[in-house]
Engineer: 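Structure below; questions to follow.
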Amino acid sequence: MRWFPPCRLLFAGLVFLGSLAGLTEPGKPQRALAAGTPWGAPAIADLVEQVDGAVVNIDTIARPARDPLFEMFFEEMPAPPEQKGVGSGFVIDPGGLVVTNYHVVRGAADIRVTTHTGQQYRGRILGADPATDLALIKVNARGLQALKFIPGDHLRVGEWVVAIGSPLGLSHTVSAGIISAINRGIAINERVNFIQTDAAINPGNSGGPLLNLSGEVVGVNTAVAARGQGIGFAIPAWTARAVIEQLKQRGRVERTWLGVSIRDVRADDQAGVLVVNTAPDGPAKLGGVLPGDVIIKVDQQAMRSARDLLAYLNAKPAGTVVRVEVLREGARVVLDITLRPAPTQPAPR
């Protein structure tokens, strides 16, 4: 199965039953968003009115470099054609900080950020993390409307969500659906366990927000199954929060190191992560982890696969103490391990 970063989905729409929903009457003060409203219809309309100003369109121009080999033989080489791209993003700080996907701005020589009012700003990449496909853009603006990530990591399958972005360059397009699955691992990225949604997402939606009916960002729309319908993926808010915080502080992500070689396994009828070996003087060995241990939990979060472990530890800063629960010869052992900086950083892609 092929995966495409900018997504392609179709959504039939939501049927609004006014008699069931209890809409606000014209001219009356707007009421609070109601996540429990039948079909979510009026809540979605209220949501769009309240948050649409924080969603932006991102246009990029990439100028491919000339091929030096050809220039050795041809003096008059025409300039390579510019490559234009379009994507989405959302403001997280009124002072001009915009979140998007890294693949939206990768290689861009010129970035233009356009708000819902048509105001256009030149953007620059403040920081990027190719490993999680996230980027932070800075524009010279003040007083922009901003969105917030959900504060925790609790989502429910079946919860209503709304995607806003610029599919096919059609800015501020709204689609809605539900959360289809959580912690979904797909081949395009081993560091992220994605949110799966059936909200319609198409090329140009990448980097835009996936919102709950309270107007909070639950994910960053990123990918779609090319041969499927209603199968789109978003980077979870809890992953994006940690990455974006580091991008704000230092422009890149300094990843930490557990210091183990691992593989998936089942122990005592429980999925876990087998520690094949520990690195000398690595955090795991110093914390008491032994080869043959099976990691089943970290900070009370179940670790069913190596992907789960990698995604959970992703972007946690050095000095973080994690509580690791392992199975050792049939007994459960709890260890506190202090994460340290990784010996080498991933090379930008």
Side-chain angles (χ1 to χ4, degrees), residues 5-7 9 11 33 35 40 43-58 86-94 96-105 113-117 123 129 132-137 139 144-155 159-180 182 192 194-224 232-245 247-248:
C7 313
L9 289 173
F11 185 75
L33 299 180
I44 291 173
D46 293 343
L47 167 67
V48 173
E49 289 181 359
Q50 294 186 28
V51 306
D52 194 37
V55 182
V56 299
N57 182 76
I58 299 177
V86 62
S88 305
F90 56 96
V91 180
I92 60 166
D93 186 284
L97 294 182
V98 177
V99 172
T100 189
N101 282 140
Y102 171 68
H103 76 256
V104 170
V105 296
V113 176
T114 307
T115 68
H116 76 301
T117 62
D129 183 42
T132 53
D133 195 19
L134 289 167
L136 187 62
I137 298 173
V139 299
L144 297 178
Q145 182 180 351
L147 297 177
K148 293 184 178 181
F149 290 106
I150 56 172
D153 59 0
H154 179 66
L155 292 177
E159 182 177 345
W160 282 106
V161 286
V162 175
I164 306 178
S166 303
L168 306 179
L170 302 172
S171 63
H172 297 271
T173 295
V174 179
S175 58
I178 61 169
I179 293 175
S180 305
I182 302 171
V192 177
F194 290 86
I195 297 169
Q196 181 181 331
T197 180
D198 67 353
I201 302 172
N202 291 276
N205 270 116
S206 289
L210 188 69
L211 303 147
N212 61 20
L213 295 189
S214 296
E216 299 167 318
V217 178
V218 301
V220 181
N221 298 318
T222 298
V224 67
F233 299 93
I235 299 168
W238 48 91
T239 298
R241 277 198 318 264
V243 170
I244 295 302
E245 187 58 36
L247 295 183
K248 286 168 60 176

Engineer: Which value, rounded to the nearest 0.5 Å, describes the distance between T173 atom OG1 and I201 atom CD1?
Structural biologist: 12.5 Å
Engineer: I want to check something: taking the side chain as every heavy atom from C-beta on, are L168 and V86 in contact at a cut-off of under 4.5 Å?
Structural biologist: no
Engineer: Would you call I182 and F194 a side-chain contact if the rule is heavy atoms closer than 4.5 Å?
Structural biologist: no
Engineer: Is the shortest side-chain heavy-atom distance between V161 and I179 below 4.5 Å?
Structural biologist: yes
Engineer: In terms of side-chain heavy atoms, does H172 have a donor or acceptor partner in D52 at a distance below 3.5 Å?
Structural biologist: yes
Engineer: Taking the side chain as every heavy atom from C-beta outward, state whether V217 and F90 have any pair of such atoms under 4.5 Å apart.
Structural biologist: yes
Engineer: Going by atom types only, do D198 and S180 share a side-chain donor-acceptor pair under 3.5 Å?
Structural biologist: no
Engineer: Taking side chain as C-beta onward, heavy atoms only, is H103 less than 4.5 Å from S206?
Structural biologist: yes
Engineer: Mark yes or no for whether N101, through its side chain, and D133, through its backbone, hold a donor-acceptor pair below 3.5 Å.
Structural biologist: yes
Engineer: If you look at every heavy atom in I178 and W160, which pair is closest and at what distance?
Structural biologist: CG2-CE3, 4.1 Å
Engineer: Looking only at heavy atoms, what is the nearest atom pair of S175 and A200, with distance?
Structural biologist: OG-O, 2.5 Å
Engineer: Do the non-hydrogen side-chain atoms of L211 and I164 ever get within less than 4.5 Å of each other?
Structural biologist: yes
Engineer: At their closest point, which heavy atom of N221 faces which heavy atom of A163, and how far apart are they?
Structural biologist: ND2-CB, 3.7 Å
Engineer: So if I apply the side-chain contact (heavy atoms from CB on, under 4.5 Å) rule between V218 and each of L155, D153, V162, which one comes out positive?
Structural biologist: L155
Engineer: Let me confirm one number: the OG1-CD1 distance from T100 to I58, rounded to the nearest 0.5 Å.
Structural biologist: 3.5 Å
Engineer: Can you measure from CZ (F149) to CD1 (I92) and round to the nearest 0.5 angstrom?
Structural biologist: 5.5 Å
Engineer: Any side-chain heavy-atom pair from I195 and L210 closer than 4.5 angstrom?
Structural biologist: yes
Engineer: Which atom names give the shortest non-hydrogen contact between A135 and V105, and what distance separates them?
Structural biologist: CB-CG2, 3.9 Å
Engineer: Just by distance, do the side chain of N212 and the backbone of E216 share a donor-acceptor pair under 3.5 Å?
Structural biologist: yes
Engineer: Could you please spell out the steps behind the side-chain contact (heavy atoms from CB on, under 4.5 Å) verdict for V91 and L147?
Structural biologist: CA-CA 6 Å; V91 180; L147 297 177; over 6 Å; no
Engineer: Where is the tightest heavy-atom contact between G89 and P209, given as atom of each residue plus distance?
Structural biologist: O-CD, 4.3 Å
Engineer: How long is the straight-line distance from CG of D93 back to CD1 of I244, given to the nearest 0.5 Å?
Structural biologist: 12.0 Å
Engineer: Give a yes or no on whether the backbone of V55 and the side-chain of Q145 come within a donor-acceptor separation of less than 3.5 Å.
Structural biologist: no
Engineer: Any side-chain heavy-atom pair from S88 and V56 closer than 4.5 angstrom?
Structural biologist: no
Engineer: Would a distance-only check, ignoring hydrogens and angles, find a side-chain to backbone donor-acceptor pair under 3.5 Å from R241 to P236?
Structural biologist: no
Engineer: Is there a donor-acceptor contact under 3.5 Å from the side chain of T197 to the main chain of A199?
Structural biologist: yes
Engineer: Could you check whether any side-chain N or O of N57 sits under 3.5 Å from a backbone N or O of T114, counting only pairs where one atom can act as donor and the other as acceptor?
Structural biologist: no
